[in-house]
Amino acid sequence: MGGGGSTRRVTFEADENENITVVKGVRLSDSVIDRMKEPSSPGGRSQSQHRSSGAVNDEELKKRIAEELALEQARRDSEAQKRRLKQEQAYVHDEFGKILERERISSNEHLTRAILRERAATEEERQKAQRFARQLEEKDRELKKHDAYYKEQLARLEERSAQFYKVTTEQYQKAADEVSARFK
């Protein structure tokens, strides 16, 4: 009953009341001790029967104790394994939580950097647009100034041209009159 898998060696000794004491520091629970005290046959044995077959009962008792110890050790191992599994699951859960938190922080930082880059690019574009608008207004003012200057120059040229035409027409008329008067 599970006693074959145990590699632990346990030494027993009987005290004056035929109680079993475990040497080498192995602890037994009260329920295990109570089960060891129970008779193994369904009808039960009397103390006299127990004393008469002491050697057989000691072997049987040792076998039962070894089986009980093996079961108790298997239960402890199972509980220890369950505790380790729960600790490992908690550790893995914590690690996943930490990883997810780092990823969330990294993602937020990346998103924040991207937003800042976009804001900077938008601000730069807005400043460029303002600069171009100012340059366009300046060019427009310059063109208006040139337009006014050229209109003024054109008006002067037209006035000179009119004066020149008048003088030329007068000289022509005068010359035509002289020629007419000479050949009459």
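Just so you know, these numbers come straight off a predicted model, no measurement behind them. Side-chain atoms are counted along with the backbone in the values below, which use heavy atoms only and exclude waters and symmetry mates.
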Can you tell me how far the OH atom of Tyr149 sits from the NZ atom of Lys145, to the nearest 0.5 Å? 12.0 Å
Sequence neighbours excluded, the answer for side chain to side chain contact (heavy atoms under 4.5 Å, CB included) partners of Gln130 is Arg126, Arg134
Spacing of CD1 belonging to Ile115 relative to NE2 belonging to His110, to within rounding of 0.5 Å: 10.5 Å
Taking 4.0 angstrom as the limit, do Lys151 and Asp147 come out as a salt bridge? yes
Is Asp140 salt-bridged to Lys144, cutoff N-O under 4.0 Å? yes
Any donor-acceptor pair under 3.5 Å from Thr169 side chain to Tyr165 backbone: yes
To the nearest 0.5 Å, what is the distance between OG1 on Thr122 and CD on Gln127? 11.0 Å
Does a side-chain N-to-carboxylate-O contact under 4.0 Å join Arg156 and Glu152? yes
Does Arg76 form a side-chain contact (heavy atoms from CB on, under 4.5 Å) with Glu72? I'd like the steps, not just the answer. CA-CA 6 Å; Arg76 283 189 198 128; Glu72 187 70 21; 3.5 Å; yes
Side-chain heavy-atom pair Arg104, Asn108 within 4.5 angstrom cut-off: yes
Separation of Arg119 CZ from Thr112 OG1 (nearest 0.5 Å): 9.0 Å
Asp58 side, atom CG; Ile65 side, atom CD1 - distance, nearest 0.5 Å: 9.0 Å
Side chains of Lys82 and Ser78: closer than 4.5 Å at any heavy-atom pair? yes
With a 3.5 Å cut-off and no angle check, do the side chains of Asp77 and Gln81 form a donor-acceptor pair? no
Rounded at 0.5 Å granularity, tell me how far CZ in Arg84 sits from CD in Gln89. 13.0 Å
Side chain proximity check, Gln163 to Glu159, heavy atoms < 4.5 angstrom: yes
Exam field: side chain Ser106 to backbone Arg102, donor-acceptor pair closer than 3.5 Å: no
Across all chains, not counting sequence neighbours, the side chain to side chain contact (heavy atoms under 4.5 Å, CB included) partners of Tyr150 are His146
